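Notes follow the structure.
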Amino acid sequence: MIEKQNYSFVFMGVSGSGKSSVAEAVAKKLNVPFLDGDFLHPRANIEKMALGLPLNDEDRIPWLQTLNSAIYAMQRTHAISILVCSALKQTYRNMLREGNEGLYFIYLQGNFDVIAERLKNRNGHFFKAEMLKSQFDALEEPVNDHNDIGYISIDKPLEQTIEDALDFINGVLNKK
């Protein structure tokens, strides 16, 4: 018996690129479940970021393992699911891919100055704008060697970014 393929789409990029805003809007338009990976950070990570300290690989590994399990669970119960995770490094993306077929990344690309301005205007988030440099330093731009990455520019109005993401998702779903 052939099992039906379910899909998860992880919106990735540096903090301030619009991952949560775009992903949540896409999930609403598609009427599918949405999970912001930030909600799965252990308390120690949240407290560290609140102090303005960047996370290191040691901090991120347990979080990425939890996200991998969340993707697995969501794919077992939903045809399409939307998640948010910075997934800055190739090793992080590979950890999320492990055991999760039907996983795609949507990379929200933007330059430092645009994103820094957005972070200055954002209230109520534990990420501090000063940490943006560490995010860009850690970022390994994704290479589409797994044919599972959509590249979406954020240098346009939010509604257009959302539409571009929907176009990528529909393209994946239509080629199945």
Side-chain angles (χ1 to χ4, degrees), residues 1-43 45-46 49 55 59-110 124-127 139-154 156-176:
M1 180 173 159
I2 298 173
E3 191 173 316
K4 182 179 163 237
Q5 177 64 60
N6 290 344
Y7 296 89
S8 292
F9 296 90
V10 174
F11 284 74
M12 62 159 290
V14 298
S15 187
S17 62
K19 296 181 302 291
S20 296
S21 298
V22 175
E24 191 169 8
V26 165
K28 283 181 182 174
K29 286 182 181 265
L30 295 174
N31 194 29
V32 299
F34 165 76
L35 175 64
D36 191 327
D38 282 348
F39 298 148
L40 299 179
H41 269 294
R43 182 182 306 260
N45 285 8
I46 294 169
M49 288 185 284
L55 300 179
D59 298 323
R60 286 189 178 98
I61 287 173
W63 172 62
L64 290 164
Q65 290 168 335
T66 299
L67 273 170
N68 176 287
S69 294
I71 292 165
Y72 183 82
M74 291 177 87
Q75 284 189 342
R76 298 302 161 290
T77 56
H78 301 282
I80 302 169
S81 53
I82 305 291
L83 297 96
V84 171
C85 173
S86 55
L88 296 177
K89 294 184 179 181
Q90 182 69 35
T91 55
Y92 302 167
R93 294 185 291 275
N94 288 342
M95 285 182 70
L96 296 176
R97 284 182 180 109
E98 195 172 308
N100 289 320
E101 291 184 35
L103 175 65
Y104 288 82
F105 294 90
I106 298 175
Y107 174 39
L108 299 181
Q109 295 177 288
H125 193 276
F126 53 78
F127 190 90
L139 176 64
E140 295 172 3
E141 295 253 340
V143 177
N144 205 4
D145 55 356
H146 290 84
N147 295 317
D148 64 355
I149 298 175
Y151 301 86
I152 309 292
S153 171
I154 64 164
K156 58 187 85 151
L158 179 61
E159 279 304 316
Q160 184 59 55
T161 304
I162 292 165
E163 288 304 315
D164 291 349
L166 285 165
D167 288 346
F168 174 75
I169 291 170
N170 286 323
V172 168
L173 299 176
N174 290 329
K175 73 176 181 183
K176 57 182 180 173

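Basis for what follows: all heavy atoms, side chains included, without hydrogens, waters or symmetry-related copies. Computed from a prediction, not measured in an experiment: that's the story for all the values here.
- Counting all heavy atoms, side chain and backbone alike, G37 lies closest to W63 at O-NE1, 2.8 Å.
- Side-chain contact between R43 and I46: absent, with no pair of heavy atoms (C-beta onward) separated by less than 4.5 Å.
- A70 and L40 make their closest contact through CB-CD1, 4.1 Å (heavy atoms, listed as atom of the first residue, atom of the second, distance).
- Other residues, nucleotides and ligands place more than 12 heavy atoms under 6.0 Å from the CD atom of Q160.
- Of all non-hydrogen atoms in I149 and N144, the two that sit nearest each other are N-OD1, 3.1 Å.
- For the pair I82/F11, a side-chain contact is recorded, criterion being any heavy-atom separation below 4.5 Å from C-beta on.
- Interatomic distance, CG of L173 versus CD of Q5, reported as 10.5 Å (0.5 Å rounding).
- Separation of atoms CD1 (I169) and CD1 (I106) is listed at 4.0 Å; rounding is to 0.5 Å.
- Remark: F34 CZ to I80 CD1 distance equals 15.5 Å, nearest 0.5 Å.
- Counted within 6.0 Å of OH on Y72, heavy atoms from surrounding residues, nucleotides or ligands total 12 or fewer; the atom is thus considered open.
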Report the C-alpha distance between V84 and D38 in whole Å, list the side-chain angles of each, state the deciding distance to 0.1 Å, and finish with yes or no for side chain to side chain contact (heavy atoms under 4.5 Å, CB included).
CA-CA 8 Å; V84 171; D38 282 348; 5.8 Å; no

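- Formation of a donor-acceptor pair under 3.5 Å by the E98 side chain with backbone atoms of Q65 is not found in this model.
- Within the 3.5 Å criterion, the main-chain N or O of Q75 finds a donor-acceptor partner in the side chain of N6.
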Let me see the working for L83 and S8 under side chain to side chain contact (heavy atoms under 4.5 Å, CB included), right down to the final yes or no.
CA-CA 7 Å; L83 297 96; S8 292; 4.0 Å; yes

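- There is a side-chain donor-acceptor pair under 3.5 Å between E141 and Y107.
- One distance of note links NZ of K89 with CE of M95; it measures 12.0 Å at 0.5 Å rounding.
- The main-chain N or O of L96 is found under 3.5 Å from a side-chain atom of N68 such that the two form a donor-acceptor pair.
- Taking OH of Y151 as the reference point, atom CG of D164 lies at 15.5 Å (rounded to 0.5 Å).
- Of all the heavy atoms in S17 and I154, the pair that sits closest is O-CG2, 3.4 Å.
- Contact annotation: the side chain of L103 approaches that of I71 to within less than 4.5 Å [non-hydrogen atoms, C-beta and beyond].
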Could you walk me through whether M49 and H41 satisfy the side chain to side chain contact (heavy atoms under 4.5 Å, CB included) test, starting with their C-alpha distance in whole Å, then the side-chain angles of each, then the deciding distance to 0.1 Å, before giving a yes or no?
CA-CA 10 Å; M49 288 185 284; H41 269 294; 3.9 Å; yes

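- Sorted by first and then second residue, the side chain to side chain donor-acceptor pair (under 3.5 Å) pairs with a member in residues 19-33 read S20-D36; sequence neighbours excluded.
- For the pair Y7 (side chain) and H78 (backbone), a donor-acceptor distance under 3.5 Å is absent.
- The nearest pair of heavy atoms linking S86 to M12 is O-CB, 3.4 Å.
- Within 6.0 Å of CD in E140 there are more than 12 heavy atoms belonging to other residues, nucleotides or ligands.
- Looking at Q109, its side chain never comes within 3.5 Å of a backbone N or O of S153 through a donor-acceptor pair.
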Give the C-alpha distance, both sets of side-chain angles, the deciding distance and a yes or no for salt bridge (charged side-chain N to carboxylate O under 4.0 Å, His left out) between D148 and R93.
CA-CA 11 Å; D148 64 355; R93 294 185 291 275; over 6 Å; no

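- Inspection of the N94 and R97 side chains reveals an N or O donor paired with an N or O acceptor under 3.5 Å.
- The shortest non-hydrogen separation linking V22 to A165 is CG1-CB, 4.2 Å.
- In this structure, N45 CG and L55 CG are separated by 4.5 Å, a value rounded to the nearest 0.5 Å.
- Using a 30° and 60° split on the angle between ring planes, F9 and F168 fall in the perpendicular class, above 60°.
- Contact check for S81 versus V32: no side-chain heavy atoms found under the 4.5 Å cut-off.
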